[in-house]
Protein chains: 4
Amino acid sequence: MSSSSPQQRRGDTRQRIQDVALELFAEQGYEKTSLREIAERLGVTKAALYYHFKTKEDIIISLFEDLTRPIDELIRWAEEQPRTLEMKREVLRRYSEAMAGGASLYRFMQENQASLRELTIGETVKKRLFALVDLLRTGQEDAPLVDQVRCVSALFTLHAGMMFLQHVEGDPEETRQAALQVATDLITQAHGQA
Amino acid sequence: MSSSSPQQRRGDTRQRIQDVALELFAEQGYEKTSLREIAERLGVTKAALYYHFKTKEDIIISLFEDLTRPIDELIRWAEEQPRTLEMKREVLRRYSEAMAGGASLYRFMQENQASLRELTIGETVKKRLFALVDLLRTGQEDAPLVDQVRCVSALFTLHAGMMFLQHVEGDPEETRQAALQVATDLITQAHGQA
Amino acid sequence: MSSSSPQQRRGDTRQRIQDVALELFAEQGYEKTSLREIAERLGVTKAALYYHFKTKEDIIISLFEDLTRPIDELIRWAEEQPRTLEMKREVLRRYSEAMAGGASLYRFMQENQASLRELTIGETVKKRLFALVDLLRTGQEDAPLVDQVRCVSALFTLHAGMMFLQHVEGDPEETRQAALQVATDLITQAHGQA
Amino acid sequence: MSSSSPQQRRGDTRQRIQDVALELFAEQGYEKTSLREIAERLGVTKAALYYHFKTKEDIIISLFEDLTRPIDELIRWAEEQPRTLEMKREVLRRYSEAMAGGASLYRFMQENQASLRELTIGETVKKRLFALVDLLRTGQEDAPLVDQVRCVSALFTLHAGMMFLQHVEGDPEETRQAALQVATDLITQAHGQA
DNA sequence: AATGAATGAGACTTCATTCAT
DNA sequence: GATGAATGAAGTCTCATTCAT
């Protein structure tokens with residue numbers, strides 16, 4: 001009657017590996033998480049992991065591929081919109097939502113930048129970040145440096161909201177809304193001064 | 001009678017270990033940097049490191065002790081000041097300066113949060129961060145959540161300014177000033193609304 | 001009613017496994033060639049190999065069985081002939097031909113003697129070699145050691161001709177004939193001095 | 001009282017590793033010999049091997065460097081001599097002697113050609129072989145193919161003598177002399193027809 | 001103040017093989 | 001006739017650490 005009886009597990013091992021891996025990566029970091037640990041927590045052998053993923057790095061790559069799709073879509077969408085303030089607000093809104101949905105992965109990104117840099121996806125992540133920043137500040141390439149900082153800061157505020165305050169305050173959703181508010185203020189200022 | 005007395009030499013090697021270690025930790029992350037690497041780059045044996053430091057963790061602890069002293073002093077100083085807006089601005093100003101001085105270490109902190117959490121100093125770092133945030137928002141415990149986020153965001157903006165924009169823009173000092181400006185704006189707003 | 005009856009298909013895949021396996025064994029050696037590699041190059045799963053062969057060793061055994069039959073027949077034939085010089089020349093001639101036909105396998109034998117020794121067929125291969133040498137030197141058990149060496153050398157010359165010169169010279173067939181000539185000279189000398 | 005007490009062993013670990021490794025490589029082949037096996041037979045840990053050699057391949061490289069020096073010197077010497085028949089005989093004589101001295105390594109070479117090809121030294125070994133062949137046939141580039149084969153065959157005869165007959169006959173030294181005799185005959189014929 | 005030699009634990013990875021379907 | 005999923009054993013290698021000298 002358990003919801004995850006052996007029979008039910010059939011065929012979803014790949015998914016379960018991803019789940020456990022993400023959990024552990026976010027908790028302990030990428031390097032400190034061994035495949036042995038992942039396998040043990042799943043009740044399979046290390047070799048089983050290698051049936052589903054070619055390398056350890058492959059596991060994390062697959063996680064990024066699955067979980068950052070919303071962001072890629074967001075970027076593609078935004079690039080076709082006019083560079084209005086409203087569009088920028090929408091970008092922040094949807095980015096914040098994506099973060100709420102894939103909290104573990106974003107926490108992982110935030111806390112493992114060093115590991116990320118050595119991995120193949122590091123470059124991709126970086127590019128995506130730059131793309132977002134570009135979107136937020138488009139229409140004002142020659143804007144004062146301060147305004148460019150505001151755009152970057154807006155994104156970081158969303159991250160900060162999720163990562164840092166979460167450890168402290170009560171309702172995560174409320175905190176997220178507050179962070180979104182502050183971020184929106186920041187780009188509004190940046191936009192206005194263009 | 002040699003021109004470098006034993007005491008000086010001692011300090012010398014110890015210091016060189018710290019320098020190289022910080023360089024590598026910042027570059028590659030804590031876990032990915034091995035003692036072998038540090039020793040090789042210094043032209044000594046691994047065993048020599050153990051003459052100066054009890055463990056690998058000890059090396060990083062010593063780095064934090066040496067390099068975060070300014071922050072500790074800043075906190076102690078600020079805690080004795082009245083909670084005025086001017087004091088908060090001064091906190092940000094001095095924090096930003098400290099970051100400029102110990103850039104590698106702050107980069108390390110930012111990029112290795114996962115490693116940090118497992119280390120003894122992790123707790124210390126976290127406490128210091130909370131202490132700073134508390135200082136910035138003091139006088140308004142019951143302030144709207146949004147204002148609390150602004151305080152956190154102000155600190156993160158300084159980090160963001162250092163870490164992120166650095167990869168992109170020209171003069172780091174100019175960027176630092178811009179980030180300081182944005183951060184100051186943020187706490188000004190937070191303070192005003194109290 | 002399909003144009004390829006089950007029997008044919010069976011033979012088909014089995015044969016294709018053998019072909020690919022021999023190719024890879026000859027190219028990379030027995031130990032360095034994994035079943036995964038064979039399966040991948042065939043576009044089937046590893047498990048499929050196990051439908052046709054009981055073990056990895058079984059694959060190579062089957063190759064030897066199929067490809068060394070001419071040698072076995074040659075030996076049986078020669079053992080019933082009178083020990084004349086002409087018979088010995090015929091042995092070399094046919095051995096050389098067999099090698100040309102199963103070049104990959106002979107290359108494999110030459111380059112993987114170490115692996116061969118650990119395998120069950122190793123013994124068989126060795127026996128066959130001894131049988132050939134015996135045939136070549138029969139009629140002169142008490143011949144000077146030098147002549148016995150000549151017989152062994154004759155066989156090795158054929159191998160050397162195939163393996164070594166092949167990497168260097170132009171027409172393989174011409175080289176083979178030259179090697180055969182030298183080998184024949186050797187046993188002629190050995191025979192003559194008896 | 002034993003000739004290899006722990007105290008005596010001090011400092012010669014590197015040498016002992018080489019000895020044991022060569023023994024096992026020759027016996028079982030390169031791939032089939034694991035570092036665990038080598039370490040166990042020596043009574044040290046695997047990690048100790050890595051203190052003395054950077055990789056498994058490094059061990060075999062060091063063996064070749066140490067044991068094939070005589071051949072390199074032989075080649076250098078011969079290249080400065082006039083291409084007389086007497087010089088060629090001397091080459092074979094000294095090559096045969098070198099083989100007797102480093103029997104294990106030459107057995108290894110003969111039996112692990114496949115492994116060798118994948119290793120860095122493979123190329124070196126091959127070059128050396130070609131250099132020897134060139135020396136033996138110099139002065140008759142346009143000689144009939146048959147004579148070129150004779151030169152190669154001469155070298156292979158020495159190998160064959162060592163490897164093959166050894167398993168069978170009595171006194172190895174006598175066999176070696178016989179092989180040398182046959183090899184010398186071969187190049188004499190080749191030389192005469194130039 | 002530092003080295004040389006070694007260890008024990010554990011990392012990632014690959015392999016031949018099995019078995020239910 | 002073949003696959004999908006998994007295993008157990010083993011492989012090479014790296015790491016932080018120790019200790020006698």
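Residue numbering restarts at 1 for every chain, and letters A, B, ... go by the order of the sequence lines.
The nearest heavy atom of DNA chain F to C/K46 and to A/K46 marks one nucleotide each, and the one closer to the 5' end goes with C/K46.
Note that A/K32 lies outside the cation-pi zone of B/Y30, set by a 6.0 Å cut-off to the ring centre and a 45° limit from the axis.
Residues D/I60 and D/F108 meet the side-chain proximity criterion, which asks for heavy atoms closer than 4.5 Å. A heavy-atom distance below 4.5 Å is not found between the side chains of D/I17 and D/V44. In this structure the side chain of C/L35 reaches within 4.5 angstrom of the side chain of C/Y50, judged on heavy atoms. Counting heavy atoms from C-beta outward, A/F64 and A/L119 have side chains that stay 4.5 Å or more apart. The side-chain heavy atoms of B/D19 and B/Q15, taken from C-beta on, include a pair separated by under 4.5 Å.
Here the C1' atom of nucleotide F/dT14 and the NZ atom of D/K56 are 18 Å apart, to the nearest Å. Across the protein-nucleic acid pair, A/E57 atom CD and E/dA11 atom C1' stand 16 Å apart, rounded to whole Å. Atom NZ of C/K54 is separated from atom C1' of F/dA2 by 19 Å (rounded to the nearest Å). A straight line from CZ of A/R16 to P of F/dA6 spans 8 Å, rounded to a whole angstrom. One atom, CD of B/E40, and another, P of F/dT14, lie 11 Å apart when rounded to the nearest Å. For the pair A/F53 CZ and E/dC12 P, the interatomic distance rounds to 15 Å; values are reported in whole Å. To the nearest angstrom, P of E/dA2 lies 10 Å from CG of B/L49. Separating the CD atom of D/E37 from the P atom of F/dT12 is a distance of 9 Å, rounded to the nearest angstrom.
A sub-4.0 Å separation between OP1 or OP2 of E/dA2 and a side-chain N or O of B/T13 is present. For the OP1/OP2 pair of E/dA1 and a distance below 4.0 Å, the side-chain nitrogens and oxygens of B/Y51 include at least one atom meeting the criterion. In terms of phosphate contacts, D/Y50 brings a side-chain nitrogen or oxygen within less than 4.0 Å of OP1 or OP2 of F/dC13.
The nearest pair of heavy atoms linking C/E27 to D/R117 is O-NH1, 2.8 Å.
Minimum atom distance to the side chain of B/H52 is reached by E/dA2, of the listed E/dA2, E/dC19, F/dA2. Of the candidates F/dC15, E/dC15, E/dA16, the closest approach to any side-chain atom of C/R36 belongs to E/dC15. Candidate nucleotides E/dT7, F/dT7, E/dT3 were compared by shortest atom distance to the side chain of D/V44, and E/dT7 ranks first.
A donor-acceptor contact shorter than 3.5 Å is absent between the side chain of A/T68 and the backbone of A/I71. In this structure, the side chain of B/Q28 does not engage the main chain of B/F25 through any donor-acceptor pair within 3.5 Å.
Every stem involving DNA chain E, taken as at least 3 paired positions in a row under the Watson-Crick or G-U wobble test at 3.5 Å, is listed here: E:2-21 with F:2-21.
Residues D/R36 and D/E40 are paired through a salt bridge, judged by an N-O separation under 4.0 Å between the basic side chain and the carboxylate.
Using a 4.0 Å cut-off on heavy atoms, the residues of residues 21-35 of chain B that approach DNA chain F are B/T33, B/S34, B/L35, listed by number.
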